[in-house]
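Numbers restart at 1 for each chain; the letters A, B, ... are given by sequence-line order, proteins then strands.
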Protein chains: 4
Amino acid sequence: MSADPQVPLRADARRNRDQIIAAARSIFSDFGPEVPMEEIARAAGVGVGTLYRRFPDRDALIRAVAVDNFARVLDDARQAAEQEPTAWLALVRLLHQSVELHLSVQLAMLSKKAHEILKEDPAIASLRDELLVELEAMVRGAQREGTLRPDVAEGDVALLFALLLRQLESRSPEVTRLSTERSIAIMIDGLKAQPGTPLPGRPLSRHDIH
Amino acid sequence: MSADPQVPLRADARRNRDQIIAAARSIFSDFGPEVPMEEIARAAGVGVGTLYRRFPDRDALIRAVAVDNFARVLDDARQAAEQEPTAWLALVRLLHQSVELHLSVQLAMLSKKAHEILKEDPAIASLRDELLVELEAMVRGAQREGTLRPDVAEGDVALLFALLLRQLESRSPEVTRLSTERSIAIMIDGLKAQPGTPLPGRPLSRHDIH
Amino acid sequence: MSADPQVPLRADARRNRDQIIAAARSIFSDFGPEVPMEEIARAAGVGVGTLYRRFPDRDALIRAVAVDNFARVLDDARQAAEQEPTAWLALVRLLHQSVELHLSVQLAMLSKKAHEILKEDPAIASLRDELLVELEAMVRGAQREGTLRPDVAEGDVALLFALLLRQLESRSPEVTRLSTERSIAIMIDGLKAQPGTPLPGRPLSRHDIH
Amino acid sequence: MSADPQVPLRADARRNRDQIIAAARSIFSDFGPEVPMEEIARAAGVGVGTLYRRFPDRDALIRAVAVDNFARVLDDARQAAEQEPTAWLALVRLLHQSVELHLSVQLAMLSKKAHEILKEDPAIASLRDELLVELEAMVRGAQREGTLRPDVAEGDVALLFALLLRQLESRSPEVTRLSTERSIAIMIDGLKAQPGTPLPGRPLSRHDIH
DNA sequence: TATGAATGAGATTTCATTCAT
DNA sequence: CATGAATGAAATCTCATTCAT
């Protein structure tokens, strides 16, 4: 679920590493990827020195958090595919579980800088590809089932996700939850196979997303 | 279109002020609200000193840009309402013009920090309210026309906008444009008065958005 | 002798802290409390960063120097009281040792700004009060002995000190020393119990000095 | 009373110049000679441009204020010498009038920087010399009269003045006034011809004061 | 000529990263 | 190994001075 385990790592070191990633995930997600390293260290309950021993610089930490997150989402996607009776339902479930996706996307797309960092990383590239393959299967499946409009591809869906997942901060939790749910529902309605407006352009595939 | 003119301001000063806001809009929009002030000054073709004379600190600049932007969008909304034959078409046009909205929303909602700054500012609060009033009229109109699903309110639409407008950086411009257009179309389809999934919760009004 | 030790502080950090205060004392005393922080850091043999880690801003440094200084003077006063055979002699000795007081007073009273900063600080307030209590004892003692004119109180003496200690910069060191000694002597003569001019007003007590 | 009138100067320009000097005197005296030029301009009711047209830089302004002040004090000294029946009384009166001296001394001695500036200026040097000559006359006279202790010279008195005149800011105006009066009285008692402590060193003449 | 806008050098402050304890 | 102190480069901000209006 995390990554790059090289050498097994002693138990306490392991624990530190996990605490750091957890702290970083939460802080990045709340304040963006520019927070002082010391802040993250404090939140993780370790000294900066320890943080730097584990992650040589900020970029490495960002990468590690992203890898961890993509891995979680990939897990989710696979479980959904396996457990849901139809591809459409798997897709819908994934959309609703998307809170997890949140950070990945945030990191991947929010700040230009973070994106530069992540798009270099092969570990991330490969996870992202696996995720898109999974998504492609769902999309094709749901189209075969006749439930998903035929003029979209996995790229469209991924990008729609991406939009969604930029959680809207800073209003009451109740409204946040409600608004997320309702936005998802509206989007899902827009995705349903139905007359509707013909979409402009061409279906966006996973190859359109760098 | 801009704001807070206090004392008329000499012609050259005025020009500089406008250049600074324009530069800041563009740079904030591309790199977020943390870029060095010197960068912004350079892009505006003035010295840092000038920037600071006009805007005592970064927050003041962020506020000024947001005010300017909200004012533009409000303009757009009013023109759309006036010129389009139906409320639904006005709404659709506004959604498509939403690239303008981009920055307002980005600034208003993207980073927790920026949001804190903006939500204090009375000028912004009042512009935002005017905008939501405008939107409310469109929504009610379109529902009366029978084109907009009846279980949404202006808050829903605003939040949907907001999602949309977080332009997805960092892919080819062609894909960016395409994806934006297609996402809008899908959302619009989702908004159409039609069977569809009943939405969870209750319509979100403008009073639900702080 | 210094102050506010919160957590014990590592040996090297402690050493740095002391060096910074020493350097600041000397530089403030020579050039006033506006010298560039970098100057102070250099004089202390540390980087600016270190200085700022220890003292979050200039005010904090000023406060720390003042606390350190008041503490020294209080020490001096107590030793004088204990070791000298008469209160009068203790007072005279304190006056002559007053070069130490120099900076405290300079900082406390010289620049309006510095004074604002210091008068907030409870640590300084309490040290100053202790010092004035000490002084009051000397004054009362010397008056009982019949050596000090009866129409003064500790406030008068403190203010006289304060004047004196604003060392006159900027002439040859020899003249500086001489002039200080001579001024003290003249003032002491003025304080001796004698016919002399009756003083205007009323004795100023320590409650007259904020 | 002011200085360096080169060309007569138009009436309004003259007025501006005087306002600036008055404002600068008051502000320097309250906050030291480092206040922003803009502050001074504002207090004088003119733009910075005007200030700079009159005084090419801060040093020139400091010099002008000092010249103006020394001139006033010299006037006072001469009047005292002329109008008082004895040299001693003239001296005492001058001491009491010393509040006027305040700024001169403050500027002349307070900040090392200001002192550097002033000691270069020939106009000031000559005013100061005239003042010290005046003082020397009083001192000698009072010694001849037998009222002033014989082991002091005009340098001692000037330096004692100087100390005094660093008015102690920042307590209640009543205490300030009282304390000044009482300190002067104590010093005068200390200066009276009397047994007293023999002073250390040698009389300081005006040649000891650079 | 008076004004106040523009400039940029320098001061303050922050923080990523290294390194002694 | 973990810690947190030290460093200095880079950012923020201020202000003396010049110059367009």
Side-chain angles (χ1 to χ4, degrees), chain A residues 9-10 12-13 16 34-42 44-61, chain B residues 7 9-17 20 34-42 44-61, chain C residues 7 9-17 19-20 34-42 44-61, chain D residues 10 12-13 16 34-42 44-61:
Chain A
L9 220 48
R10 243 170 53 191
D12 56 342
N16 272 345
E34 320 251 70
V35 278
M37 293 296 260
E38 196 131 5
E39 210 95 317
I40 297 169
R42 179 164 37 259
V46 303
V48 243
T50 306
L51 198 168
Y52 273 91
R53 161 172 296 274
R54 239 22 107 199
F55 307 96
D57 56 19
R58 175 187 296 278
D59 290 4
L61 178 58
Chain B
V7 178
L9 217 50
R10 232 167 62 186
D12 56 343
R14 175 79 215 169
R15 187 166 44 259
N16 274 340
R17 199 195 128 92
I20 291 170
E34 320 252 71
V35 276
M37 294 296 260
E38 194 129 10
E39 211 94 318
I40 297 170
R42 180 166 33 261
V46 304
V48 237
T50 304
L51 199 168
Y52 274 93
R53 160 180 281 270
R54 225 37 88 195
F55 307 99
D57 56 18
R58 176 184 298 282
D59 290 5
L61 179 56
Chain C
V7 177
L9 218 49
R10 231 167 63 186
D12 55 344
R14 174 81 216 167
R15 187 165 44 260
N16 274 339
R17 198 196 129 94
Q19 280 168 4
I20 291 170
E34 321 251 71
V35 276
M37 294 297 259
E38 194 128 9
E39 211 94 317
I40 298 170
R42 181 165 33 262
V46 304
V48 239
T50 304
L51 198 168
Y52 273 92
R53 161 179 282 268
R54 224 39 85 198
F55 307 98
D57 56 19
R58 176 184 298 280
D59 290 5
L61 179 57
Chain D
R10 244 171 51 192
D12 56 342
N16 272 347
E34 320 253 70
V35 277
M37 293 297 260
E38 195 131 7
E39 210 94 317
I40 298 169
R42 179 165 35 261
V46 303
V48 242
T50 306
L51 198 168
Y52 272 91
R53 158 173 299 273
R54 240 18 110 202
F55 307 96
D57 57 19
R58 175 186 297 278
D59 290 4
L61 178 58

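Of all non-hydrogen atoms in Asp57(A) and Met37(A), the two that sit nearest each other are C-CE, 4.1 Å. Residues Ile40(C) and Ile20(C) approach most closely at CG2-O, 4.4 Å, considering heavy atoms. Residues Val48(C) and Glu38(C) come closest through the heavy atom pair CG1-CA, 4.1 Å.
Between Asn16(B) and dA5(E), a side-chain N or O to OP1/OP2 separation shorter than 4.0 Å is absent. Phosphate contact (OP1/OP2 of dT7(E), side-chain N/O of Arg53(B), threshold under 4.0 Å): absent. Side-chain nitrogen and oxygen atoms of Arg54(C) include at least one within less than 4.0 Å of the OP1 or OP2 phosphate oxygen of dA6(F). Using a 4.0 Å cut-off, some side-chain N or O of Thr50(B) falls inside it from OP1 or OP2 of dT7(E).
Put simply, the side chain of Arg54(C) never gets that close to the backbone of Leu61(C): no donor and acceptor are under 3.5 Å apart.
Once rounded to the nearest 0.5 Å, the distance linking CD of Glu34(A) with CD of Glu34(B) reads 5.0 Å. To the nearest 0.5 Å, atoms CG (Leu51(B)) and CZ (Arg17(B)) are separated by 11.0 Å.
With the end axes of the helix from dA2(E)-dT21(F) to dT21(E)-dA2(F) each set by five pairs, the angle from one to the other reads 10° at 10° resolution.
The CZ-P distance, from Arg42(D) to dT3(E), rounds to 14 Å in whole Å.
Listed by chain and residue number, nothing satisfies the side chain to side chain donor-acceptor pair (under 3.5 Å) test with Arg53(C) (two or more places apart in sequence, or in another chain).
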Practice task
Going 5' to 3' through nucleotides 13-21 of chain E, assign each nucleotide B (protein heavy atom under 4.0 Å from a base atom), S (under 4.0 Å only from sugar-phosphate atoms) or - (no protein heavy atom that close).
Solution key: BB-SBB--S
